[in-house]
**Student:** 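Dropping the structure in here first, questions after.
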Amino acid sequence: MYKKALITGITGQDGSYLTEFLLKKNYKVHGLVRRVALEDGNHRLWRLRHLLTRITLHPASLESYASLVKLIQKIKPHEVYHLGAQSYVDYSFKDEFSTLNTNINGTHYILSALKEFSPKTKFYFAGSSEMFGKVRQVPQSEKTPFYPRSVYGISKVAGYDLTRNYREAYNMFCCSGILFNHESPRRGFEFVTRKITHAVARIKFGLQNDLRLGNMDAKRDWGHAEDYVEAMWLMLNKKKPNDYVISTGKQYSVRDFAKLAFELVDLDYKKFIKIEKNLYRPSEVRSLLGDCRKAKKELKWKPKYDFKKLVQDMVKADLEFVEKEGY
Ligand code: NAP
Ligand code: GDD
């Protein structure tokens with residue numbers, strides 16, 4: 001018997017890799033999308049283009065409990081991967097209201113709909129290392145207290161607590177992955193890694209002269225999205241639900257990332273980067289470093305990519321992208 005999975009945020013970076021992963025495991029994959037995604041598929045479904053004939057997309061709204069109830073009743077999924085969110089930290093300073101609405105209510109509505117109409121469905125919540133914010137401990141594990149530094153981080157702490165509470169109060173199979181930054185050639189262009197690798201390719205092809213960045217001293221624990229979606233599935237396929245930190249355990253600065261990305265095309269990053277104060281955040285998360293020993297031990301999860309391989313993968317893909325698309 002095949003399993004049915006419902007993915008919210010299927011059009012995003014992780015949604016596309018998770019879809020590929022689940023299709024390989026013979027799942028029937030259903031995705032919740034915003035109606036505009038179906039109306040403007042060429043543009044909005046670019047990460048799923050090669051998978052569209054093998055999955056079912058449903059227009060619905062994370063902001064509408066009724067539409068989520070209908071969807072859950074219709075699909076009766078074995079597993080829900082709730083990845084849909086306003087995921088750009090910087091934007092959450094500019095639009096607190098919609099970030100909180102989508103990220104907290106969206107999570108609450110799905111959990112509540114599952115409790116009423118499909119309580120045996122397993123639920124994955126996309127928690128984040130942003131919840132650690134101004135870190136209270138180095139490295140950060142499942143036991144580290146949270147201290148979010150943005151409305152995005154606050155919304156993820158609320159989602160994490162909702163998920164834990166549904167597990168404890170209603171005995172539902174609910175897990176949170178506390179995932180540290182993970183990147184790939186499918187990363188959105190607004191995030192710093194993709195902004196850098198795309199600029200590197202454009203500079204190499206003579207389409208751009210410089211790259212404007214904010215805080216280059218910020219440090220992150222960067223992994224590859226392809227590795228991280230496997231961890232989501234492993235969590236839902238354990239005997240008991242639990243929360244896990246997923247990270248590489250290695251830390252690099254934005255400067256390290258830029259230096260390596262430019263070096264890969266024989267350029268010196270110092271000649272191209274301009275610092276812009278307006279790209280700094282009102283309250284910055286300066287340093288994140290994960291301790292994922294629990295996931296390694298209990299899920300037998302292990303990343304295949306290291307930092308160098310990740311940067312190489314992204315630069316190579318962006319060189320191909322710019323050469324083909326011309327922008
Ligand atoms: P992403 O590429 O930005 O994708 C976000 C997805 O959420 C998109 O499919 C987007 O749909 C959907 N979405 C946003 N607002 C929505 C709304 N109002 N209604 C319905 N769908 C909405 O993010 P990602 O990197 O794949 O991350 C997936 C999840 O993991 C997110 O919850 C993110 O916060 C979390 N996370 C990510 C990382 C990371 O480093 N990547 C680390 C920790 C946690 P549209 O295409 O229609 O906009
Ligand atoms: N985006 C961006 N653009 N970030 C910049 C820039 C710039 O021009 N210059 C410096 N940075 C710094 C930011 O200040 C931040 O410290 C760091 O680069 C990483 O920024 P992002 O790539 O935007 O990612 P993030 O760490 O804020 O958030 C990502 O990771 C979280 C997990 O820790 C997102 O994927 C979140 O959804 C995710 O939860």
Side-chain angles (χ1 to χ4, degrees), residues 1-33 37-38 45 47-62 65-84 106-127 159 162-164 166-177 179 225-244 246 295 297-302 304:
M1 232 278 277
Y2 60 80
K3 279 193 190 170
K4 287 177 282 184
L6 169 62
I7 304 176
T8 73
I10 193 168
T11 59
Q13 170 188 258
D14 291 7
S16 67
Y17 283 110
L18 181 64
T19 300
E20 280 169 7
F21 180 88
L22 294 176
L23 286 172
K24 280 195 198 123
K25 295 215 167 283
N26 284 325
Y27 276 68
K28 295 273 181 213
V29 177
H30 296 261
L32 179 157
V33 294
L38 300 180
L45 298 175
R47 296 183 177 98
L48 294 173
R49 211 166 282 145
H50 58 300
L51 304 168
L52 285 175
T53 56
R54 302 169 63 201
I55 61 180
T56 313
L57 297 180
H58 306 265
S61 172
L62 279 181
Y65 177 72
S67 87
L68 294 168
V69 165
K70 263 198 219 157
L71 193 58
I72 282 160
Q73 283 184 316
K74 185 168 159 194
I75 302 170
K76 288 263 178 211
H78 296 91
E79 295 168 14
V80 169
Y81 295 86
H82 177 39
L83 313 181
T107 306
H108 181 211
Y109 294 160
I110 296 180
L111 280 165
S112 177
L114 288 176
K115 172 175 160 265
E116 295 303 323
F117 301 103
S118 192
K120 295 266 176 264
T121 298
K122 296 179 175 183
F123 176 81
Y124 172 85
F125 172 66
L162 281 163
T163 303
R164 181 187 43 72
Y166 270 70
R167 177 170 74 223
E168 292 172 0
Y170 309 119
N171 207 21
M172 288 166 60
F173 197 111
C174 299
C175 304
S176 286
L179 271 52
E226 221 176 292
D227 284 332
Y228 284 40
V229 298
E230 183 189 8
M232 299 175 187
W233 178 80
L234 286 169
M235 284 179 219
L236 292 199
N237 285 277
K238 275 285 289 177
K239 254 209 160 98
K240 288 199 176 136
N242 213 326
D243 305 322
Y244 294 91
I246 301 297
K297 185 162 175 248
E298 294 184 15
L299 303 177
K300 312 272 178 267
W301 176 80
K302 206 171 149 211
K304 295 177 195 76

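A quick note: this is a predicted structure, and the numbers were derived from the prediction, not measured.
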**Student:** Contact between Phe125 and Leu111 at the side-chain level, heavy atoms closer than 4.5 Å - yes or no?
**Tutor:** no

**Student:** Closest approach of Leu234 and Leu299, non-hydrogen atoms and distance?
**Tutor:** CD1-O, 3.6 Å

**Student:** Where is the tightest heavy-atom contact between Leu22 and Ile7, given as atom of each residue plus distance?
**Tutor:** CD1-CD1, 4.1 Å

**Student:** Who pairs with Arg167 by side-chain contact (heavy atoms from CB on, under 4.5 Å), at least two apart in sequence or on another chain?
**Tutor:** Arg164, Cys174, Pro241, Asp243

**Student:** The criterion is side-chain contact (heavy atoms from CB on, under 4.5 Å); which residues satisfy it with Pro119, sequence neighbours excluded?
**Tutor:** none

**Student:** What residues form a side-chain contact (heavy atoms from CB on, under 4.5 Å) with Thr8, not counting sequence neighbours?
**Tutor:** Leu32, Leu62, His82, Ile110

**Student:** To the nearest 0.5 angstrom, please state how far the NZ atom of Lys300 sits from the CD atom of Glu230.
**Tutor:** 13.0 Å

**Student:** Suppose we screen for side-chain hydrogen bond (donor to acceptor under 3.5 Å, both in side chains). Which residues come up paired with Ser16, at least two apart in sequence or across chains?
**Tutor:** Arg186

**Student:** Does any non-hydrogen side-chain atom of Tyr244 lie less than 4.5 Å from one of Glu298?
**Tutor:** yes

**Student:** If you measure from CG on Asn242 to OG on Ser176, what distance do you get to the nearest 0.5 Å?
**Tutor:** 10.0 Å

**Student:** Ala5 and Tyr81: which non-hydrogen atoms are nearest, and at how many Å?
**Tutor:** CB-CE1, 4.2 Å

**Student:** Got Thr121 and Leu6 here, is their nearest side-chain heavy-atom distance under 4.5 Å?
**Tutor:** no

**Student:** If the condition is ring-ring contact (aromatic ring centres under 6.0 Å, His included), which residues does Tyr170 pass it with, not counting sequence neighbours?
**Tutor:** Tyr166

**Student:** How far does NZ of Lys28 sit from CD1 of Ile75, to the nearest 0.5 angstrom?
**Tutor:** 13.0 Å

**Student:** Could you state the interatomic distance from NE2 (His50) to OG1 (Thr19), rounded to the nearest 0.5 Å?
**Tutor:** 8.5 Å

**Student:** Kindly compute the distance separating CG (Asn26) from CE (Met1), expressed to the nearest 0.5 Å.
**Tutor:** 13.0 Å

**Student:** Please list, chain by chain and in numerical order, all residues satisfying side-chain hydrogen bond (donor to acceptor under 3.5 Å, both in side chains) with His108, sequence neighbours excluded.
**Tutor:** none

**Student:** Side chain of Lys4, backbone of His30: donor and acceptor closer than 3.5 Å?
**Tutor:** no

**Student:** Let me confirm one number: the CZ-CE distance from Phe123 to Met235, rounded to the nearest 0.5 Å.
**Tutor:** 12.5 Å

**Student:** Scan Phe21, Trp301, Tyr17 and name whichever one has a ring pair (Phe, Tyr, Trp, His ring centres under 6.0 Å) with Tyr228.
**Tutor:** Trp301

**Student:** Tell me every residue that passes salt bridge (Lys or Arg N to Asp or Glu O under 4.0 Å) with Glu79, counting only those two or more places apart in sequence or in another chain.
**Tutor:** Lys3

**Student:** So, do Leu51 and Val29 sit near enough that their side-chain heavy atoms are less than 4.5 Å apart?
**Tutor:** no

**Student:** Check whether any side-chain N or O of Ser118 sits under 3.5 Å from a backbone N or O of Leu114 as a donor-acceptor pair, and report yes or no.
**Tutor:** no

**Student:** Between Ile246, Asn237, Leu83, which is the residue that forms a side chain to side chain contact (heavy atoms under 4.5 Å, CB included) with Met232?
**Tutor:** Leu83

**Student:** Taking atom NZ of Lys70 as the centre, report whether more than 12 heavy atoms of other residues, nucleotides or ligands fall under 6.0 Å from it.
**Tutor:** no

**Student:** Please tell me if the side chains of Leu57 and Leu45 come closer than 4.5 Å, counting only heavy atoms from C-beta onward.
**Tutor:** yes

**Student:** Of all heavy-atom pairs between Leu71 and Ala60, which one has the smallest distance, and what is that distance?
**Tutor:** CD2-CB, 4.1 Å

**Student:** Got a sec, which residues hit side-chain contact (heavy atoms from CB on, under 4.5 Å) with Lys74, two or more places apart in sequence or on another chain?
**Tutor:** His58

**Student:** Holding to side-chain hydrogen bond (donor to acceptor under 3.5 Å, both in side chains), I want the full list of residues that pass it with Thr163, two or more places apart in sequence or in another chain.
**Tutor:** none

**Student:** Taking all non-hydrogen atoms of both residues, which atom of Ile10 and which atom of Gly31 are closest, and how far apart?
**Tutor:** CD1-CA, 3.7 Å

**Student:** Quick one: side-chain hydrogen bond (donor to acceptor under 3.5 Å, both in side chains) partners of Trp233, sequence neighbours excluded?
**Tutor:** Tyr27

**Student:** Of the non-hydrogen atoms in Gln73 and Phe117, which two are nearest, and what is the gap between them?
**Tutor:** NE2-CD2, 3.3 Å

**Student:** If you look only at pairs with a residue in residues 108-120, which of them pass as a salt bridge (charged side-chain N to carboxylate O under 4.0 Å, His left out), with sequence neighbours excluded?
**Tutor:** none

